[in-house]
Amino acid sequence: MIQAILFDLDETLILDHPVSLHTLRSCAFYAASWYSLDIPRLIQAAEESAVRLWKASPVYDYTQRIGHSAGEGLWARYETQAHPALKTLYDWAPAFRVAVWSEALAQQDIHDDALCEALAHRYFAERRLYPRYPEIDALLQALAGYKLGIVTNGVPDLQREKLEGFGLQDRFQAVAVSGELDVGKPERGIFEHICQMLGVEPQACVMVGDNPERDIAGAANAGMKSVWVARGFKDKDPAHPADLEVTNLLQMLPWLETLSF
């Protein structure tokens, strides 16, 4: 019998990539008020530069292990330093944010340190939006009889900020953040930790997420059932099949009822 429903956060409960793209567009429009430029080209160049520079980070292996991305590096504060690598990121990230825009603008022969600084600060400030997917309020109301938890990869202060920002943190009885535990999805440890917090066995849990390699594979490794939500940003992976596939989380409610007997 299923007792607990566990959720990924980004792109499962709250929009992530669409908000990042919205913020990049805002920054590109702002840059276009300084110079005549190709806005879509600047946005693409900034995304590509961020990924390339991120891979050169002195703690890139750590960020991969806990599931912290280049895009998040553009706006994470790194003030909660639960691991030495987070202090490194605190010192390294400001220059990284400026360099992203410097490289992107340079592709259009624009070299302006003041604009790069302004864009880095603008993205850092404007990215702080945490919209819920449209079905979330109704979903949580329907799941009132279950224990609810969140299992999220990322650095402590950023993930906690997202949780507070999306306004529903009090609806969940437990939260496991990879950067706080120094273990991330798909490793068993983070799933075992939230089971202990909720007082349930893994086989009594369903894990819901959008990432086959981290959420669905992790659930299988931990002995949990899983639901994959196709949000359009992660492709289906035949190597990591979920027990149920949905495009809207409300679609899992009839299936959950069949597991209650």
Side-chain angles (χ1 to χ4, degrees), residues 8-12 14-78 85-86 88-131 152-155 158-159 162 178-179 184-185 210-214 230-237:
D8 169 54
L9 179 59
D10 299 301
E11 235 66 273
T12 298
I14 62 173
L15 287 86
D16 181 56
H17 181 73
V19 185
S20 297
L21 183 57
H22 166 80
T23 311
L24 283 171
R25 285 175 176 154
S26 174
C27 289
F29 282 127
Y30 178 73
S33 70
W34 288 47
Y35 298 93
S36 296
L37 51 79
D38 184 329
I39 290 173
R41 183 182 172 194
L42 178 61
I43 292 169
Q44 181 178 350
E47 289 182 306
E48 292 172 354
S49 292
V51 171
R52 189 188 67 77
L53 292 168
W54 190 251
K55 290 180 178 179
S57 158
V59 290
Y60 178 69
D61 289 345
Y62 169 78
T63 66
Q64 290 297 103
R65 180 161 59 82
I66 69 163
H68 180 51
S69 69
E72 291 173 321
L74 293 173
W75 64 294
R77 300 184 192 275
Y78 303 119
L86 296 171
T88 300
L89 284 167
Y90 179 86
D91 296 332
W92 177 83
F96 157 73
R97 294 166 187 148
V98 174
V100 165
W101 292 107
S102 180
E103 282 199 359
L105 287 165
Q107 292 188 23
Q108 299 190 47
D109 295 320
I110 297 171
H111 306 277
D112 188 325
D113 291 344
L115 176 56
C116 295
E117 290 276 358
L119 291 170
H121 287 295
R122 189 179 188 89
Y123 190 97
F124 185 86
E126 290 192 2
R127 178 56 184 81
R128 313 200 111 75
L129 298 169
Y130 324 93
T152 179
N153 280 357
V155 297
L158 186 58
Q159 297 310 103
K162 293 174 186 177
S178 65
K185 299 176 291 185
D210 73 299
N211 190 321
E213 293 183 358
R214 291 192 183 270
R231 296 297 196 190
F233 306 107
K234 297 288 185 182
D235 292 332
K236 180 178 178 179
D237 188 344

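Within the 4.5 Å cutoff, the side chain of Trp34 has no heavy atoms near those of the Ile110 side chain. Residues Asn153 and Asn211 are not in side-chain contact: their nearest non-hydrogen atoms beyond the backbone lie 4.5 Å or more apart. A 4.5 Å side-chain heavy-atom check between Leu53 and Val100 finds at least one atom pair inside the cut-off. Annotation: side chain of Leu24 is in contact with side chain of Glu47 (closest heavy-atom distance under 4.5 Å). Between Ser26 and Phe29, every side-chain heavy-atom pair lies at or beyond the 4.5 Å cut-off. Side-chain contact between Tyr130 and Val19 is absent, with no heavy-atom pair separated by less than 4.5 Å.
Across Ile43 and Arg25, no two heavy atoms sit closer than the pair CD1-CG, 3.4 Å. Nearest approach of Arg231 to Glu11, heavy atoms of both residues: CG-O, 2.9 Å. For Phe233 against His17, the heavy-atom pair with the smallest separation is CE2-CD2, 3.5 Å. Across every non-hydrogen atom of Pro58 and Thr88, the tightest pair is CG-CG2, 3.7 Å. The two residues Leu42 and Ala31 have their closest heavy-atom pair at CD2-CB, 3.9 Å. Contact between Gly154 and Ser178 at its shortest, heavy atoms only, is N-OG, 2.8 Å.
The neighbour count for Phe124 CZ, taken as heavy atoms of other residues, nucleotides or ligands under 6.0 Å away, is above 12. Residue-environment remark: CD (Glu213) stays at or below the threshold of 12 foreign heavy atoms within 6.0 Å. Counting non-hydrogen atoms of neighbouring residues, nucleotides and ligands closer than 6.0 angstrom, the CG atom of Asp91 exceeds 12 such neighbours. For Lys162, the NZ atom sits in a packed shell: over 12 heavy atoms of surrounding residues, nucleotides or ligands are nearer than 6.0 Å.
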Show your working on side chain to side chain contact (heavy atoms under 4.5 Å, CB included) between Val59 and Asp61 and close with a plain yes or no.
CA-CA 6 Å; Val59 290; Asp61 289 345; over 6 Å; no
Determine, stepwise, if the pair Thr23 / Trp75 fulfils side chain to side chain contact (heavy atoms under 4.5 Å, CB included).
CA-CA 11 Å; Thr23 311; Trp75 64 294; over 6 Å; no
Using the side chain to side chain contact (heavy atoms under 4.5 Å, CB included) rule, take Leu86 and Tyr62 through it: C-alpha gap first, then chi angles, then the decisive distance, then the call.
CA-CA 9 Å; Leu86 296 171; Tyr62 169 78; 3.8 Å; yes
Pair Phe96-Leu74, side chain to side chain contact (heavy atoms under 4.5 Å, CB included): steps then yes or no
CA-CA 8 Å; Phe96 157 73; Leu74 293 173; 3.8 Å; yes
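Expressed to the nearest 0.5 Å, how far CG of Asp112 lies from CG of Leu119 amounts to 9.0 Å. Put simply, CG on Leu9 and CG on Asp210 are 10.0 Å apart, with the number rounded to the nearest 0.5 Å. The line from OH of Tyr35 to CG of Leu115 is 6.5 Å long, rounded to the nearest 0.5 Å.
Residues His121 and Trp101 keep their aromatic ring centres 6.0 Å or farther apart.
In this structure, Arg41 contributes its side chain and Gln107 its backbone to a donor-acceptor pair below 3.5 Å. Here the side chain of Glu117 pairs no donor or acceptor atom with the backbone of Val98 at under 3.5 angstrom. Of the possible donor and acceptor atoms, none in the side chain of Arg127 sits under 3.5 Å from a partner among the backbone N and O of Gly71.
Between Asp8 and Lys185 there is a salt bridge, since at least one side-chain N of the basic residue sits less than 4.0 Å from a carboxylate O of the acidic one.
Using cut-offs of 30° and 60° for the angle between ring planes, the His68 and Tyr78 rings count as perpendicular.
In this structure, Arg97 forms no cation-pi arrangement with Tyr123, as its terminal cationic atom is not both closer than 6.0 Å to the ring centre and no more than 45° off the ring axis.
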